[in-house]
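Values below: every heavy atom of this structure, side chains too, minus hydrogens, waters and symmetry copies. In this text the structure is predicted, and so the values were computed from the model without any measurement. Heads up: numbering here begins at 1 and tracks the sequence.
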Amino acid sequence: MLSKSVIEDVLSAALATGGDFAEVFVEDRYTNTLTLQSGKIENSLSGRDFGIGIRVFKGLQNVYTYTTDGSKESLLKAASNAAHAISGDSIIQPQPLEKEMLTCDHPILIHPREVEKMRKVNVMKKAYEIAKNYHSSIQQVHIRYLDEEQNVLIANSEGKFVEDKRIRSRMAIQSIASDGMQMQRGFYGPGAHKGFEFFENLNLEHYANEASRIAVTMLGAEPCPSGKFPVIIDNEFGGVIFHEACGHGLEATSVAKNNSVFANRIGEKVASDVVTYIDDATLSNEWGSITLDDEGEKARRNVLIENGILKGYLIDKFNSRRMGMESTGSGRRQSYRFAPTSRMTNTYIAEGKSSPEEIIANTEHGIYAKYMGGGSVNPATGDYNFAVMEAYLVKDGKIGKPIRGATLVGNGPETIKLVDMVGNQLAHGAGMCGSLSGSIPVNVGQPMIRVSEMTVGGSKEAE
């Protein structure tokens with residue numbers, strides 16, 4: 001990393017033309033990925049990426065630059081270039097840097113870089129064997145392993161000087177089943193803010209079997225009917241709909257420019273009474289958790305919607321200026337190549353009072369979406385279209401036949417008003433979220449919920 005004296009000189013150079021805030025973000029990242037196909041290692045890639053980002057504010061002007069050259073000369077040149085894009089009436093001096101000591105919120109038991117590669121490969125092979133042997137129709141299994149260590153140093157002209165180490169691990173399991181006429185896919189991708197202990201304690205029997213079970217089940221599924229139905233969305237990754245269709249609309253990236261349907265609506269009723277929506281970066285060792293954000297702000301629990309009432313937004317440092325509101329510790333970025341902006345961490349619908357059995361029993365006719373797939377959303381409007389990876393018909397309060405080709409179409413802000421039952425078994429799912437500041441690890445979550453009416457797009461075979 002860089003010395004305090006060098007950083008102080010860089011911050012001074014960044015403010016030399018009249019900026020009122022300057023920041024230095026130093027990143028040193030180690031990444032290790034392995035992929036296994038047909039029982040054999042197909043790719044193995046280990047790498048290190050180092051770079052420094054420099055940011056300057058003047059009022060609502062914002063300039064960002066980065067370099068991979070950590071020499072003082074290069075950093076001063078980059079800071080000067082950023083400074084000359086901003087001009088002000090007076091020159092201010094940065095505050096003396098004071099190092100902050102962090103408490104380890106997400107303890108790491110086994111550092112991945114200390115684990116030999118064959119131990120990692122053996123975990124992958126075990127997952128492969130479980131998934132492949134689930135059923136004779138499983139034709140392919142693809143396993144992807146990831147461990148990553150990100151070391152960051154964040155300093156700014158307000159005197160902040162803080163370092164953090166983030167270690168994450170993830171395994172993605174994809175199974176493909178075929179009956180000779182068609183193929184169906186099943187996927188599970190658990191991850192955590194943990195070291196190699198994550199893999200050693202991972203319930204491979206559950207995750208690998210589930211990936212294959214989904215594929216095999218959908219192979220025998222009937223085409224999904226289309227129309228408007230009550231829809232039950234299961235817990236865990238079911239939360240991806242509201243992450244995409246509502247969560248992004250609560251980020252200051254959209255709100256500060258009035259590009260969100262939730263802008264200027266704090267205190268208003270925006271959702272059903274049974275909906276409380278939370279972004280909590282402090283959950284211990286979760287995939288989307290952080291100790292501090294990429295602007296050096298301490299991680300926190302932000303209640304966005306409480307019992308249907310809009311309570312707040314996710315706000316980064318720059319957009320806090322636009323909005324006249326404090327940062328919520330939500331400034332995140334993929335790497336030093338990106339300026340940070342407001343982003344989610346672990347975002348979820350809080351537990352309600354209904355059991356899953358009650359929700360299903362109270363649904364006379366509808367669709368049960370057990371696992372969600374991919375989709376698309378318009379962040380400005382909240383309009384979405386999501387595929388369902390595993391779905392079933394619900395009839396007379398019971399889960400019936402599996403159906404394939406289901407898509408859920410609607411508008412997030414409207415859909416969240418139609419949630420009429422919320423379950424009592426919260427679970428989280430790991431994923432990657434893309435936005436202006438790149439792709440970052442996040443959790444999505446919810447208990448089982450029921451939406452009183454959703455538009456379901458079905459397979460043409462069902463028409």
Side-chain angles (χ1 to χ4, degrees), residues 21 23 25 27 53 55 57 60 62 64 100 102 105-106 150 152 154 156 158 160 162 164 166 168 193 239-240 242-260 262-266 270 276-284 286-306 310-336 338-350 379 428 430-445:
F21 173 85
E23 172 194 80
F25 177 85
E27 177 184 19
R55 189 165 59 149
F57 296 169
L60 295 182
N62 180 6
Y64 186 74
E100 298 177 35
L102 294 179
D105 294 334
H106 312 289
Q150 183 195 32
V152 300
I154 303 163
N156 65 36
E158 295 172 347
K160 183 175 292 294
V162 63
D164 190 24
R166 297 96 174 252
R168 288 186 170 86
H193 194 315
V240 69
F242 295 106
H243 165 97
E244 294 288 356
C246 294
H248 283 298
L250 293 168
E251 293 170 335
T253 309
S254 300
V255 176
K257 297 180 180 179
N258 290 319
N259 289 334
S260 167
F262 296 110
N264 304 308
R265 296 188 64 189
I266 288 181
V270 296
T276 292
Y277 199 48
I278 297 168
D279 184 88
D280 190 352
T282 70
L283 297 177
S284 181
E286 289 290 346
W287 174 248
S289 296
I290 55 177
T291 299
L292 51 82
D293 75 356
D294 290 326
E295 298 177 315
E297 294 294 323
K298 185 69 176 172
R300 63 201 73 175
R301 179 179 185 269
N302 294 302
V303 177
L304 304 173
I305 298 172
E306 186 173 30
L310 182 61
K311 293 293 185 178
Y313 306 112
L314 297 174
I315 306 172
D316 60 282
K317 195 169 187 68
F318 181 70
N319 282 306
S320 72
R321 294 185 170 210
R322 293 180 183 273
M323 299 170 67
M325 302 173 73
E326 292 295 318
S327 164
T328 58
S330 304
R332 302 186 68 194
R333 64 180 106 194
Q334 177 178 325
S335 71
Y336 64 87
F338 297 83
T341 191
S342 54
R343 305 293 297 275
M344 288 172 273
T345 57
N346 305 305
T347 314
Y348 59 95
I349 294 175
H428 297 271
M432 298 298 293
C433 174
S435 188
L436 293 178
S437 60
S439 181
I440 59 171
V442 298
N443 264 12
V444 298

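A pairwise comparison of heavy atoms in Ser327 and Ser320 identifies N-CB, 4.0 Å as the closest pair. Here the closest heavy-atom approach between residue Gln334 and residue Ile440 is recorded as N-CG2, 3.8 Å. Ser289 and His193 get closest at one heavy-atom pair: O-CD2, 3.1 Å. Considering all non-hydrogen atoms of both residues, Gly329 and Ile290 come closest at O-CD1, 4.1 Å. Taking every heavy atom of both residues into account, Ser439 and Met432 meet most closely at OG-CE, 3.5 Å.
The CG atom of Leu436 lies 6.0 Å from the OG1 atom of Thr341; values are rounded to the nearest 0.5 Å. Here the straight-line distance linking atom OG1 of Thr291 with atom CG of Asp105 works out to 4.5 Å at 0.5 Å rounding. Annotation: the span from His248 atom NE2 to His243 atom NE2 amounts to 3.5 Å, rounded to 0.5 Å. Expressed to the nearest 0.5 Å, how far NZ of Lys317 lies from CG of Asn62 amounts to 12.0 Å. Rounding to the nearest 0.5 angstrom, the gap separating the NZ atom in Lys160 from the CD1 atom in Ile154 is 8.0 Å. Once rounded to the nearest 0.5 Å, the distance linking CG of Leu304 with CD1 of Ile349 reads 11.5 Å.
Contact of the Leu292 side chain with the Arg166 side chain is registered, since non-hydrogen atoms from C-beta on lie closer than 4.5 Å. Side-chain atoms of Arg301 and Ile278, non-hydrogen and from C-beta on, do get closer than 4.5 Å to each other. With a 4.5 Å cut-off on side-chain heavy atoms, His106 and Glu286 do not count as touching.
Asp280 contributes no side-chain N or O that, together with a main-chain N or O of Asn346, makes up a donor-acceptor pair within less than 3.5 Å. Checking side-chain atoms of Ser437 against main-chain N and O of Phe338 turns up no donor-acceptor pair under 3.5 Å. Judged by distance alone, with hydrogens and angles left aside, the side-chain atoms of Arg55 form no donor-acceptor pair with the main-chain N or O of Ala339 at under 3.5 Å. At distances below 3.5 Å, not a single donor-acceptor pair connects side-chain atoms of Arg343 with backbone N or O atoms of Leu314. A donor-acceptor distance shorter than 3.5 angstrom exists from the side chain of Asp293 to the backbone of Gly296, with no hydrogens or angles considered. Panel note: side chain Glu27, backbone Tyr336; a donor-acceptor pair is recorded below 3.5 Å. A donor-acceptor pair under 3.5 Å is formed between the side chain of Arg168 and the backbone N or O of Trp287. With hydrogens and angles disregarded, a donor-acceptor distance shorter than 3.5 Å links the side chain of Tyr313 to the backbone of Phe262. With hydrogens and angles ignored, the 3.5 Å screen pairs no side-chain donor or acceptor of Thr276 with any backbone N or O of Glu306. Looking at Asp279, its side chain does come within 3.5 Å of a backbone N or O of Thr345 through a donor-acceptor pair.
For the side chain to side chain contact (heavy atoms under 4.5 Å, CB included) criterion with Asp316, the lone passing option out of Glu251, Glu295, Arg332 is Glu295. Here the options are Ser342, Ser330, Ser260, the test is side chain to side chain donor-acceptor pair (under 3.5 Å), and the partner is Thr253; only Ser342 passes.
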Please report the C-alpha distance between His428 and Val444 in whole Å, then the side-chain angles of each, then the deciding distance to 0.1 Å, and finally whether the side chain to side chain contact (heavy atoms under 4.5 Å, CB included) criterion is met.
CA-CA 6 Å; His428 297 271; Val444 298; over 6 Å; no
Apply the test side chain to side chain contact (heavy atoms under 4.5 Å, CB included) to residues Leu250 and Val255: give CA-CA distance (whole Å), side-chain angles for both, the deciding distance (0.1 Å), then the verdict.
CA-CA 7 Å; Leu250 293 168; Val255 176; 5.6 Å; no
Would Phe21 and Glu158 count as a side chain to side chain contact (heavy atoms under 4.5 Å, CB included) here? Give the steps.
CA-CA 7 Å; Phe21 173 85; Glu158 295 172 347; 3.8 Å; yes
For Lys311 and Ile266, what are the C-alpha separation, side-chain angles and deciding distance, and is it a side chain to side chain contact (heavy atoms under 4.5 Å, CB included)?
CA-CA 6 Å; Lys311 293 293 185 178; Ile266 288 181; 6.0 Å; no
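With ring centers used as reference points, Tyr277 lies 6.0 Å or more from Phe242.
Cation-pi geometry between Arg333 and Phe25 is satisfied (NZ or CZ under 6.0 Å from the ring centre, within 45° of the ring normal).
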